[in-house]
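What follows is a short report on a single structure.
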Amino acid sequence: MQYVVIGGVAGGATVAARLRRLDENASILLFEKGAYISYANCGLPYYIGDTIPERNSLFLQNPTTFGNRFNVDVRVRSEVTSIDKEKKCITYTQLDTHKILTVPYDKLVLSPGTTPVFPPIKGINLPNIFTLKDVNDTDAIKSHLSKHTGNSRKTAVVVGAGFIGLEMAENLHKIGMKVVIVEKAAHVMPTIDPEISLTLQQHLLEKDVQIYTENAVASFQAEGGKTAVHLEKGEVITADFILISVGVKPLTTLARQADLTIGKTGGIAVNEYMQTSDPQIYAIGDAVETTNPITGQKQLCFLAGPTNKQARIAANNMVMGNNQQYAGAIATAVAKVFDMTIGSTGLSEQQLQKLQIPYLTSITHTASHATYFPGNFPISIKIQFDPQTGKLLGASAIGKTGTDKRLDILATTIAHGGTIYNLTDFDHAYAPPFSSAKDAITNAGYVAQNMMEKQVFPIQWYELQEMLAHKNEHYFLLIDVRSLLENRAGTIKGAVNYPLDELREYLDDIPTDKPIVVFCAIGLRGYIASRILLQAGFSKVYNLAGGIKTYRTCTQFSYNQ
């Protein structure tokens, strides 16, 4: 049996290693266009920022050691140019010798990955404009930055504020550059809902990162040794270094040449066994289209974790027959940006709205561990769940220590079809340095449970914003139930202050014929206040979800839902 693997890194190298562990006698050939077959792609920004000081630390295996350990014929600098399905062979070019050769296969694996999106902007090919996808890009960026640093502070413009763009923003800032971010969407991390991502945006501003949102680059223009970045709204930024990080797309050139089926998302279509439309050809990784287990719809997922899982499954099925199915990915992702950890899993509120899937959402701000233990910092969690069953559909979070742990718990719950009641029952590891007796996860479940059981009726920040803009049409009473001192430090315009501990004394002053919106700092006291009012006979009582913390975070940027 001869297996041919096209593409290295997380997908191809994992397939080849797994194939050898399953079949010691097979012939395995691995083709890679570049010079490297196994490196830490996600670590590249941190090498640029000197967090990872040694370049060699990025390389998990080199072609020689990998080939020797797994008895794989590794052919780097070898570009596969065509696949002949009828003859079951590939044609490739040795890039160093320009020789064109043919190799047969019994079974083939495609792991081509992605290619960066390079928008058609005038001047985008100027010499100090880069993308970051692989080691070659990293070396080019590192070399450029080393040649263009001096006593004066240099300016870097990052176009695109997704995961890679923001990780690069942090690392460019770390090596002393003034960083400017340009994002076409309304906020940074546009795949994550604003209640969470705008908290990160505020953190970036506190770190002296300049941000242009709802804006885009109109053109680049050479200006001496620098580049003038002209934005669509008229601003001009003079930059020494520019990173284009507006996304990637599946690399499907070979698949199309071989007339393999391409899915509606633009990725290579595969079945649950990672098999393409040709039974002898499998495909894995960022280039494939798989099924979202929540929606049942096709999706692209550009993450290393799913790629590794697909690689193992494909190898198992190639050797042992199609007996293992890929369950799909719920797109769990996390990033460290300066002092904050931010991430998401499952479906965002934006996606649920687009798909017209009914949902409820809750927002909580809970201490990362016992408040009396040093180092406590709040973790903000937003969850989306089915209004009838409580099934958890999606979640996002931001905080510092322990945020990734909570995301993993939420992801596990979603992946196994769990509900908000699984969150309330969650049996967590508790000690003061790590959590509280009522963990952030449990608290999120309790709030959602109160909503399901009609114990509280939340109002979202954007709904209150709309009501305040049309107060004459939708007259209501807005009550700040925080302390007098908190109220005097700043409140929402138009609110009356009835502190929670004195609220019962004001019941006769509250009109019974108007809707009432209560709020506090983060939502807890507002919930208690709403319970008092509802049980006192007031029928239309709403608690501001996430309290004034969420309201201020989202309205300070004039963000419109």
Side-chain angles (χ1 to χ4, degrees), residues 1-23 25-39 41 59-115 133-137 250-260 267-268 270 274-276 278-288 304 307-308 310-312 314-315 317-319:
M1 180 69 73
Q2 178 148 301
Y3 300 105
V4 168
V5 181
I6 301 175
V9 201
T14 301
V15 166
R18 180 64 176 171
L19 285 170
R20 176 57 70 215
R21 289 195 291 270
L22 295 174
D23 188 348
N25 298 315
S27 172
I28 304 172
L29 290 84
L30 172 60
F31 292 86
E32 168 58 47
K33 180 180 177 181
Y36 312 100
I37 62 159
S38 183
Y39 58 89
N41 197 292
F59 299 99
L60 308 177
Q61 293 273 3
N62 65 49
T64 301
T65 59
F66 183 87
N68 289 338
R69 174 169 295 180
F70 296 105
N71 189 22
V72 172
D73 184 351
V74 180
R75 303 186 186 184
V76 294
R77 300 280 297 153
S78 297
E79 183 179 8
V80 178
T81 54
S82 67
I83 300 170
D84 189 326
K85 295 187 300 182
E86 302 302 321
K87 295 181 180 179
K88 294 181 66 175
C89 66
I90 64 161
T91 299
Y92 73 100
T93 300
Q94 292 180 339
L95 297 179
D96 293 331
T97 65
H98 305 292
K99 288 183 179 179
I100 300 174
L101 303 168
T102 300
V103 170
Y105 66 85
D106 293 300
K107 291 186 179 180
L108 174 72
V109 183
L110 275 171
S111 182
T114 60
T115 185
K133 182 181 180 296
D134 54 28
V135 174
N136 291 334
D137 292 338
L251 193 55
T252 58
T253 307
L254 270 178
R256 292 177 186 275
Q257 177 276 322
D259 198 28
L260 299 176
I268 303 169
V270 293
M274 307 311 300
Q275 200 171 29
T276 69
D278 184 305
Q280 307 309 317
I281 300 177
Y282 291 71
I284 59 171
D286 295 349
V288 305
T307 295
N308 276 277
Q310 292 166 14
R312 182 183 178 89
N317 290 333
M318 291 167 72
V319 175

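The structure displayed is predicted, hence computed values, not measured ones.
Remark: K133 NZ is packed, more than 12 non-hydrogen atoms of other residues, nucleotides or ligands lying under 6.0 Å away. Applying the 6.0 Å contact sphere to CZ of R21 captures more than 12 heavy atoms from other residues, nucleotides or ligands.
A heavy-atom distance below 4.5 Å is not found between the side chains of Y92 and I6. Using a 4.5 Å heavy-atom cutoff, the side chains of V15 and Y282 are not in contact. Contact check for L110 versus I83: side-chain heavy atoms found under the 4.5 Å cut-off. Side-chain contact between Y39 and V9 is present, with at least one heavy-atom pair separated by less than 4.5 Å. By the 4.5 Å heavy-atom criterion applied to side chains, N317 and Q275 are not counted as neighbours. Y36 is listed as a side-chain neighbour of N136, based on a closest heavy-atom distance under 4.5 Å. Within the 4.5 Å cutoff, the side chain of I28 has no heavy atoms near those of the F70 side chain. Contact check for V270 versus Q310: no side-chain heavy atoms found under the 4.5 Å cut-off.
S82 and Q257 get closest at one heavy-atom pair: CA-OE1, 3.3 Å. The two residues Q2 and P104 make their nearest non-hydrogen contact at NE2-O, 2.7 Å. Between A13 and I37, the closest heavy-atom pair is CB-O, 3.8 Å. Heavy atoms only, all atoms of each residue included: L260 and K85 are closest at CD2-CD, 3.9 Å. Taking both residues in full, the closest heavy atoms of A283 and T276 are given as CB-CG2, 3.7 Å, listed atom of the first, atom of the second, then distance. Contact between I284 and A314 at its shortest, heavy atoms only, is CG2-CB, 3.8 Å.
To the nearest 0.5 angstrom, M318 atom CE is 12.0 Å from M274 atom CE.
In this structure a side-chain-to-backbone donor-acceptor pair under 3.5 Å is missing from K33 to E79. With Q94 contributing its side chain and D96 its backbone, the two residues share no donor-acceptor pair below 3.5 Å.
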